[in-house]
Amino acid sequence: MPLTIHHAETKIMTVSPHDYDESKIKTLSSLEHIRKRPGMYIGRLGNGSHPDDGIYILLKEVVDNAVDEYIMGAGKRINIHLGSEGMVTVRDFGRGIPLGKIVDCVSTINTGAKYNTEVFQFSVGLNGVGTKAVNAMSSHFKVTAFRDGKFACAIFTKGELLSCEDGETTEANGTLVEFIPDREMFQDYAFDSGFVEARLWRYAYLNAGLKLYLDKTCFYSAGGLLDLLAKELDDQNIYEPIYYRDATLEFAFSHTDGYGDTYYSFVNGTYTSEGGTHLSAFREGILKGVNEFSKKSFVGQDVRDGLVGTLAIKIKDPLFESQTKNKLGNSDIRSWIVNKVKDAVSSALYKNTEAAERLLEKIQRNEKVRKELQSVRQEAKAKSKKVAFKIPQLKDCKHHPTRKKASPQGQGNMVFITEGQSAAGSIVSSRDPLTQAVFSLKGKPMNVLGQKLAILYKNEEMYSLMRALDIEESIADLRYDKVILATDADVDGLHIRNLLLTFFLHYFEPLVKLGYVYILETPLFRVRNKQETHYCYSEKEKQVAVKKLQGTAAKAGNVEMTRFKGLGEISPKEFKQFIGPDIRLQQVNMGSVSEVSKILSFYMGKNTPERKNYIMEHLVVTEG
């Protein structure tokens with residue numbers, strides 16, 4: 001939708017303070033609280049355009065319950081269907097919810113068998129909220145349990161019970177859930193099949209032997225995390241992956257020739273995108289296992305650079321740092337994970353001498369590069385101190401997150417990376433200096449694809465950007481919650497955007513993988529008359545706005561249309577609304593490790609003839 005501004009007289013209203021007495025105290029039921037504060041339960045609402053939007057969390061909560069049945073040895077198949085009008089259906093073939101408790105299990109907080117470790121040993125949903133949240137946030141919610149020839153069914157709307165039914169059935173044991181996310185909460189939503197399929201593949205990799213069907217498409221893995229690693233690497237690994245699996249721990253890893261380390265970690269089937277204690281223990285275990293085998297004292301950076309790993313653990317009482325379960329906080333699991341990983345890695349290297357030899361060669365190359373970089377880093381730091389203590393291209397903000405203290409909820413900061421003084425000037429003049437910083441590039445950044453790490457310290461622009469973000473030592477030191485690429489919407493601007501993405505993906509891939517990098521969307525057109533101004537983000541929006549204003553042209557004068565060729569053409573007064581509360585951002589999402597490598601090589605590598613042929617084949621000629 002275009003942004004519309006009405007030119008009207010501003011009226012200032014005074015509001016008298018309300019009386020504060022017993023009548024103002026409210027008590028919400030658990031389901032009312034879920035609807036009132038959905039962010040506490042599912043993170044974000046969204047419309048389905050992002051993989052972490054609420055509709056996918058609702059689907060996940062229902063599928064999690066079905067997978068828990070498989071983990072406990074009941075049912076090897078789950079059927080999923082995405083129907084019209086947003087209807088979602090999930091059918092498992094497990095034990096089925098106990099018939100007499102079917103209403104309580106989906107509507108009463110802290111009710112469920114997952115508190116009983118004899119019934120569910122390794123369950124994610126120990127807080128007793130998951131399915132209740134789905135119920136509360138659905139305009140239609142129906143659950144049916146089948147057990148030993150009998151069934152019980154309950155239908156709800158927005159968490160309120162409408163009807164119940166029970167009787168006899170010929171259906172196989174299990175549970176059937178169908179729901180429609182409430183469009184009052186999830187406006188204009190639609191399921192992206194790509195996001196759903198990615199989630200189902202993740203379930204398949206984490207539960208080897210389980211078959212998940214999305215209509216007629218089957219998601220199945222026999223090799224578990226080894227299959228996931230193979231998909232991510234696509235034969236780019238430099239030695240045969242090291243793999244280990246027991247009842248509570250499974251992992252696989254290998255090295256590539258890239259920089260940085262990439263991990264896919266899970267706890268009881270849930271993807272922990274921010275890692276946690278299990279991931280740090282895994283990293284430490286690999287280091288100790290390699291050192292034990294090699295009888296050397298390699299440092300962690302040398303062992304981990306280029307490593308791609310998958311990790312899954314099963315524990316009885318997972319403690320996550322948020323309801324959306326992105327980071328594990330259990331400290332008591334560290335020692336046993338470190339020891340198990342250390343012993344497994346050391347043993348695997350003794351058994352596979354060829355893999356051990358190539359792994360050690362990679363570590364020694366990393367060590368050599370690190371030592372060569374030390375002198376280059378010292379020179380770069382000494383040079384930067386002579387020039388200025390502050391980074392000249394950075395107009396910083398006041399508040400920053402740290403490792404120990406994250407930004408308050410809803411008050412995260414951001415840095416805009418722009419090209420040229422005119423674009424930077426508009427943003428600097430209109431920004432919020434408390435939470436919005438601006439880094440201005442002097443010109444087109446260097447194409448760093450295939451370049452060694454040393455170039456980071458020899459190229460002043462790249463070095464300044466790395467210092468501004470404070471990611472030289474670790475992504476965990478990042479000073480901003482969002483890194484926003486703010487480039488012009490023309491060919492040069494898109495080229496600069498691609499060069500910046502190449503920089504981050506080549507040297508700081510986890511920055512993109514963890515979802516810190518965004519693209520700022522700014523309007524392409526301004527359409528206005530004396531009464532209204534419309535800011536349009538596409539040709540279609542422009543045509544609609546022109547048609548609308550032409551209908552009122554007799555009263556409001558002629559329609560004026562402006563095409564913004566660059567950010568610098570937008571006045572600071574106008575720009576303020578585009579980086580305020582209604583800011584439009586597109587998060588940069590990363591595919592598999594191998595996919596990123598192929599895309600970068602094609603678009604930014606030394607294959608000019610191939611790119612030229614691709615451009616000629618896809619060239620679109622427009623008139624006008």
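For the numbers below, each heavy atom of this structure counts, side chains included, while hydrogens, waters and symmetry mates do not.
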How would you list, by chain and number, every residue that makes a salt bridge (charged side-chain N to carboxylate O under 4.0 Å, His left out) with Lys142, sequence neighbours excluded? none
Phe602: partners by ring-ring contact (aromatic ring centres under 6.0 Å, His included), with sequence neighbours left out: Tyr614
Non-hydrogen atoms of Ile496 and Leu441 that approach each other most closely: CG2-CD1, 4.2 Å
Check the orientation of Phe156 and Phe141. Use parallel for under 30°, tilted for 30 to 60°, and perpendicular for over 60°. perpendicular
Among pairs that include at least one residue of residues 511-531, which meet ring-ring contact (aromatic ring centres under 6.0 Å, His included), considering only residues two or more places apart or in two chains? none
Test item: Ser163 side-chain N/O and Ile155 main-chain N/O as donor-acceptor pair under 3.5 Å: no
Could you work out, with side-chain contact (heavy atoms from CB on, under 4.5 Å) as the rule, every residue matching Glu184, not counting sequence neighbours? Arg35, Lys158, Asp182
ring-ring contact (aromatic ring centres under 6.0 Å, His included) partners of His400, counting only residues at least two apart: Tyr480
Main-chain N/O of Val559 paired with Asn529 side-chain donor or acceptor, under 3.5 Å: no
Under 3.5 Å, is there a donor-acceptor pair between the side chain of Ser265 and the main chain of Thr272? yes
Sorted by first residue and then second, give each side chain to side chain donor-acceptor pair (under 3.5 Å) pair with at least one member in residues 189-203; sequence neighbours left out. Asp64-Tyr203
Partner set under salt bridge (charged side-chain N to carboxylate O under 4.0 Å, His left out) for Glu178, not counting sequence neighbours: none
Which atom of Ala545 lies closest to which atom of His534, heavy atoms considered: CB-CB, 3.8 Å
Contacts of Asp188 that satisfy side chain to side chain donor-acceptor pair (under 3.5 Å) - sequence neighbours left out: none
Does Gly48 offer a backbone N or O that forms a donor-acceptor pair with the side chain of Asp53 under 3.5 Å? yes
Between Phe186 and Met137, the two heavy atoms sitting closest are CE1-O, 3.7 Å
Salt bridge (charged side-chain N to carboxylate O under 4.0 Å, His left out) filter on Arg497, not counting sequence neighbours, yields none
Among all residues two or more places apart in sequence or in another chain, which pass the ring-ring contact (aromatic ring centres under 6.0 Å, His included) test with Phe195? Tyr56
Looking at Glu574, is its backbone amide N or carbonyl O close enough to the side chain of Gln577 to form a donor-acceptor pair, meaning the two atoms are under 3.5 Å apart? yes
Answer with yes or no whether the side chains of Tyr264 and Glu232 bring together a donor and an acceptor at under 3.5 Å. yes
Quick test of your reading: applying side chain to side chain donor-acceptor pair (under 3.5 Å), list the pairs with at least one residue in residues 502-511, sequence neighbours left out, ordered by first then second residue. Thr262-Glu509
side-chain contact (heavy atoms from CB on, under 4.5 Å) partner of Cys536, chosen from Glu541, Arg526, Arg563: Glu541
Could you work out, with salt bridge (charged side-chain N to carboxylate O under 4.0 Å, His left out) as the rule, every residue matching Lys442, not counting sequence neighbours? Glu460
In terms of heavy-atom contacts, does NZ of Lys398 have more than 12 from other residues, nucleotides or ligands at under 6.0 Å? no
